[in-house]
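Everything below concerns the one structure shown next.
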Amino acid sequence: MANNISRIWDTDPDSKPRERTFSSDIVGRFRSGRLVGKQPEALSEWRVTTGDPAVADAIAALMGGTPEEWETDKEDNTEVLTDSASVEIIIESSDKLDASMKLFGMSGLVHHCDGVEFLSPDEDKGEKCGCPALLQDRKDKARSGRGPKPSIDLVFKLAANPELGYFRFNSGSWELVKVLHTVLKDIDEAGGATETATGGPVRALLSIENVNYTTKAGRDVSYNKPVIKVTGAWTAADEEKGLANSLGFAA
């Protein structure tokens, strides 16, 4: 007998659930900000977006908050404004942390480099990108809209529930760029890297940290920055505990 279940939504297509189309098995995204109207708002606690109701419920149980729909044309149409500024994660290797410089225009990505050479498109790959040598000059050019800014991409699992799958965090933080080499080194060292292989997996804390200071001119400055702190190797005992927690969430 033919299966006619696909016609259930023929008369009410607007109510049809969205298909889950996350690439690379990414089940959700950690975000440190949001748009309020057209204005960006920095958040002090993590915001997690997903297209999977079960993932949203698990995040709310672990980190607080309530799953709610938000307006987007992407697949992660459910958000959880959590109560947590920090979450313990698993980074499988230093390959899961990537960084490059990107500038987007009306037609999409118009500049993609590593700060010295182009990474794309293929015909420009390996050619000098022309970015300023000094970090401050790069920042100034990016702020004026004429130069690329950082695009740091981290893929990880949650230590409390690794069975949920992979999450992604993307940041344009210049502060994170400054310490990225140290984070990569910490992952390799804690994860037992060798000359032929990267280190991992490791346990780490992914946090939103508030920075406050007063300039010499007397101006108060306050901003939030993402922090990745490696705390040690992810062990077999950790794996067993994480699996037990995952089964507890599923129960």
Exercise. Looking only at side chains, do R219 and T214 share a donor and an acceptor under 3.5 Å apart?
Worked result: no

Exercise. At what distance, to the nearest 0.5 angstrom, does CG of L81 lie from CG of L43?
Worked result: 6.5 Å

Exercise. In terms of hydrophobic clustering (I, L, V, M, F, W, Y; side-chain heavy atoms under 4.5 Å; direct or indirect links), are V202 and L180 co-clustered?
Worked result: yes

For this session: Could you tell me the separation between the CD1 atom of I26 and the CZ atom of F167, rounded to the nearest 0.5 Å?
Result: 9.0 Å

Exercise. So do C131 and M101 actually touch side chain to side chain, heavy atoms under 4.5 Å?
Worked result: no

Exercise. Can any side-chain N or O of S171 pair as donor or acceptor with the backbone N or O of S173 at less than 3.5 Å?
Worked result: yes

For this session: May I ask you to test the V80-I59 pair for a side-chain heavy-atom distance under 4.5 Å?
Result: yes

Problem set entry | Pair D76, T50: side-chain N/O donor-acceptor within cut-off below 3.5 Å | no

Problem set entry | Min side-chain heavy-atom separation V48-R31 under 4.5 Å | no

Problem set entry | side-chain contact (heavy atoms from CB on, under 4.5 Å) evaluation trace for N210 with S44 | CA-CA 7 Å; N210 184 254; S44 299; 5.8 Å; no

Problem set entry | More than 12 heavy atoms of other groups within 6.0 Å of E71 CD | no

For this session: Nearest 0.5 Å please: distance from the OG atom of S86 over to the CD atom of E45.
Result: 11.5 Å

Exercise. What is the minimum heavy-atom distance between A204 and V230, and which atoms define it?
Worked result: CB-CA, 3.9 Å

For this session: Before accepting this row, confirm whether a basic side-chain N of the pair R143/D140 lies closer than 4.0 Å to the acidic partner's carboxylate O.
Result: yes

Problem set entry | Backbone of A85 reached by a side-chain donor or acceptor of W46 within 3.5 Å | yes

Problem set entry | Separation of R34 CZ from E41 CD (nearest 0.5 Å) | 4.5 Å

For this session: To the nearest 0.5 angstrom, please state how far the CZ atom of F156 sits from the CD1 atom of I91.
Result: 8.5 Å

Problem set entry | Flag if over 12 foreign heavy atoms under 6.0 Å of NZ, K149 | no

Exercise. Are K157 and E92 side-chain neighbours, meaning at least one heavy-atom pair lies under 4.5 Å?
Worked result: yes

Exercise. Are V179 and I228 joined in one hydrophobic group, where the rule is that I, L, V, M, F, W and Y side chains link up if heavy atoms are under 4.5 Å apart?
Worked result: yes

For this session: Say whether V177 and L119 are linked into one hydrophobic cluster, either directly or through other cluster members, by side-chain heavy-atom distances under 4.5 angstrom.
Result: no

Exercise. If you measure from the Lys or Arg side-chain nitrogens to the Asp or Glu carboxylate oxygens, is any gap between E75 and R29 under 4.0 Å?
Worked result: yes

Exercise. Is it the case that one hydrophobic cluster holds both L97 and L176, taking links as side-chain heavy atoms less than 4.5 Å apart, direct or via other members?
Worked result: yes

Problem set entry | Approximate separation, where rounding is to 0.5 Å, of L103 CG and K141 NZ | 9.5 Å

Exercise. Judged by modelled atom types alone, do S222 and N212 share a side-chain donor-acceptor pair under 3.5 Å?
Worked result: yes

Problem set entry | side chain to side chain donor-acceptor pair (under 3.5 Å) between D188 and S94, worked out | CA-CA 6 Å; D188 281 338; S94 54; 2.9 Å; yes

Problem set entry | Any V87 side-chain heavy atom under 4.5 Å of L205 side chain | no

Problem set entry | Side chain proximity check, L62 to L158, heavy atoms < 4.5 angstrom | yes

Problem set entry | Beyond-backbone contact of S100 with C113, side-chain heavy atoms, under 4.5 angstrom | no

Exercise. Ion pair present between R168 and D25, side-chain N to carboxylate O less than 4.0 angstrom?
Worked result: no

Exercise. Applying the 4.5 Å side-chain criterion to the ILVMFWY set and letting contacts propagate, would I152 and L154 be lumped into a single cluster?
Worked result: yes

Exercise. Is there side-chain contact between F169 and L206, with heavy atoms separated by less than 4.5 Å?
Worked result: yes

Problem set entry | ring pair (Phe, Tyr, Trp, His ring centres under 6.0 Å) partners of residues 100-129, not counting sequence neighbours, each pair once | H111-F118

Exercise. With a cut-off of 6.0 Å (strictly less than), are more than 12 heavy atoms of other residues, nucleotides or ligands near CD of E69?
Worked result: no

Exercise. Of the non-hydrogen atoms in P162 and A159, which two are nearest, and what is the gap between them?
Worked result: CD-O, 3.6 Å

For this session: Give the C-alpha distance, both sets of side-chain angles, the deciding distance and a yes or no for side-chain contact (heavy atoms from CB on, under 4.5 Å) between I187 and K185.
Result: CA-CA 5 Å; I187 294 172; K185 180 182 178 182; over 6 Å; no

Exercise. K128 and V116: side-chain contact (heavy atoms from CB on, under 4.5 Å), yes or no, with the steps?
Worked result: CA-CA 6 Å; K128 297 295 183 181; V116 178; 3.8 Å; yes

Exercise. Looking at W174, does the NZ or CZ of R138 lie under 6.0 angstrom from its six-membered ring centre and within 45 degrees of the ring axis?
Worked result: no

Problem set entry | Criterion side-chain contact (heavy atoms from CB on, under 4.5 Å) on S32 and I208, from CA distance to verdict | CA-CA 7 Å; S32 57; I208 298 174; 3.9 Å; yes

